[in-house]
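Shown next, in structure tokens, is the structure this report addresses.
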Number of protein chains: 2
Amino acid sequence: MLAEQRRHHIMLELQRTGQARTSQLAENFGVSEVTIRSDLEILDAKKQLIKTHGGAIALPAGSPAAAFEERMNRNFDAKRRIAQMAARQIIDNQSVVFDSGSTLLQLAMQMPPVTNVVVATTAMNIAQHLMYRPGLDVHMIGGRVFPNTVSTIVSDSDKAVGGLVAHQAFVSAHAIDQSFDVVDVSEDIARTKRNLVRMARRVILVADSSKWDIGASSKAFSLSRVDLIITDSGMPHGIRSRLDKLGVEVRYV
Amino acid sequence: MLAEQRRHHIMLELQRTGQARTSQLAENFGVSEVTIRSDLEILDAKKQLIKTHGGAIALPAGSPAAAFEERMNRNFDAKRRIAQMAARQIIDNQSVVFDSGSTLLQLAMQMPPVTNVVVATTAMNIAQHLMYRPGLDVHMIGGRVFPNTVSTIVSDSDKAVGGLVAHQAFVSAHAIDQSFDVVDVSEDIARTKRNLVRMARRVILVADSSKWDIGASSKAFSLSRVDLIITDSGMPHGIRSRLDKLGVEVRYV
DNA sequence: AAATCAAAACGAAAGAAATCGAAATATTGA
DNA sequence: TCAATATTTCGATTTCTTTCGTTTTGATTT
């Protein structure tokens, strides 16, 4: 049986029962568990299922918002620690820009009490989390709404927040490729991140270690444009030594 | 059963009954209570439930969101009928602007299937309702976020959607005073409505009859600027006869 | 209020199952 | 055949789960 066909059958099984165990699938198809795991990883990357410990579960039915919630849980612990460290960078009387994404939502949820801070964001869920907090002035950056991340696509940063120049921008990465460029799945999203970066004097990148050395189609900006990288220490050794030589401040949590 | 799926089922049980006991869950899933407790701890850390002695309870409904729900239910039937009529004004290949508020959210929820329609709105809840719909291009109009209505305050319409000129604007009223001006509680909100109206060639006002002949501090715009008023017939007779003489098209639902 | 008691929760340690990384081997398609 | 892709093997690591003794909690009684 061809690999592609086997993956299709995995999807069928998953749609039938809602879950599938690695061990079970390996036995059924007569291949090793490692092979099944790589199948699941591929299907997960295509957002056709959600890989879990021991197997995989079907995507939550209906709302893609539920799917976002599920993805929020991935690498949750690393994201939380990264967000905690990032939150400490925010001080009173500052204006900050928040990108969208699960790590940034975590950051919003962990934000310490501050006074007179302006937050501008493209993410609706972040705006809704922060808008009731005292001491915060929350601005939604307008643009076309992108359902996957519940956030807006920004075409031109000048018009974004009336020419606001922020002290700091907190940006996440979908992936970081071999030449140390922050890349994303579409030019729209890449351009948005590029514009957010342009809005701030200091750029802080938050990225858990699963993002390193992965390619994607559209370049957003180079790591050299970043002032501080907050990540966890789970990336391959080669990456880490190159990163330390780059001259950008890196903090491992 | 996979661990991840068990946690999902715990959430379902919690949403159904509002609470769950550790002992009960352990028995149902056939695992030890320690395992259930670790599940609850993980879910608690993700703020999906609140762990208590003996089990867990569902998250309390957010108070400000609940207040909006409350407003939504007031005069619900009239709002729904008004929204239905308003929805019929939207046709293919148009661009429309939606104000925020409960009647407009109703309108978004009742929107018929259309193709190639651009919707620009200041209301985050409306944007989130519409963003998954095919045939729609949803734009969030940026600005400072106003918690009461979960929407943005627009300071300058020119910068709002890159100079978008819409075919129609659907605007709600907080109140309409004796001189037939649409008025609101703050200058910020009034200015926002004024800007939305300015963005469109045709203005449609949706207002249930409880809004008539009530004063408020800040004028948004005059009724003479409106092309079509959709309301129910519950207002005082004096108002209605004056309204019919105004020269603006009025539909009663 | 203070004392009491059973149920529940916690901590640590250990066992089992599953995953990951890397290198070796097999299969496929031009 | 060659190169690219798929698959397996194997040891190290992580995650999940349970057991058991101790501590905490919440309700009841004094």
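Side chains are part of it too, since the values below use all heavy atoms of this structure and drop only hydrogens, waters and symmetry mates. To find a chain, count down the sequence lines: A is the first, B the second, and so on, and within it residues start at 1. Source: prediction; values computed, not measured.
- Distance L40(A) CG to dT19(C) P: 8 Å, rounded to the nearest Å.
- Distances were taken from every side-chain heavy atom of S32(B) (C-beta onward) to each of dT7(D), dT18(D), dA18(C); the shortest belongs to dT18(D).
- Of all nucleotides listed (dT19(C), dT17(D), dT7(D)), dT7(D) comes nearest to the side chain of R7(A).
- In this structure the side chain of F146(A) never reaches within 4.5 angstrom of the side chain of T192(A), judged on heavy atoms.
- Counting heavy atoms from C-beta outward, E4(B) and I50(A) have side chains that stay 4.5 Å or more apart.
- Remark: E187(A) CD is packed, more than 12 non-hydrogen atoms of other residues, nucleotides or ligands lying under 6.0 Å away.
- The shortest distance between the side-chain N/O atoms of T22(B) and the OP1/OP2 oxygens of dA9(C) is below 4.0 Å.
- In this model, the phosphate group of dT25(D) is not approached by any side-chain N or O of K51(B) to a distance below 4.0 Å at OP1 or OP2.
- In this structure, the CD1 atom of I36(A) is 14 Å from the P atom of dA6(D), given to the nearest Å.
- K193(A) contributes a side-chain N or O that, together with a main-chain N or O of S172(A), makes up a donor-acceptor pair within less than 3.5 Å.
- Rounding to whole angstrom units, CG of residue D77(A) and C1' of dT14(D) are separated by 13 Å.
- Looking at the side chain of H53(A), the nearest of the listed nucleotides dA18(C), dT17(D), dT18(D) is dA18(C).
- Contact check, S38(B) against dC16(D): no side-chain N or O comes under 4.0 Å of OP1 or OP2.
- Put simply, R21(B) has no side-chain N or O that comes within less than 4.0 Å of OP1 or OP2 on dA7(C).
- The interatomic distance linking F29(B) (CZ) with dC16(D) (C1') rounds to 16 Å, in whole Å.
- Across the protein-nucleic acid pair, I42(A) atom CD1 and dT5(D) atom P stand 12 Å apart, rounded to whole Å.
- Taken from CD in Q168(A) to CZ in F98(A), the straight-line distance is 9.0 Å, to the nearest 0.5 Å.
- At dT7(D), none of the side-chain N or O atoms of R37(A) fall inside 4.0 Å of OP1 or OP2 (strictly under the cut-off).
- Rounding to whole angstrom units, CD of residue E33(A) and C1' of dT7(D) are separated by 14 Å.
- Taking atom CG of L2(A) as the reference point, atom C1' of dA6(D) lies 11 Å away to the nearest angstrom.
- Side-chain nitrogen and oxygen atoms of T35(B) include at least one within less than 4.0 Å of the OP1 or OP2 phosphate oxygen of dT18(D).
- As a whole-Å value, the separation of D44(A) CG from dC20(C) P is 11 Å.
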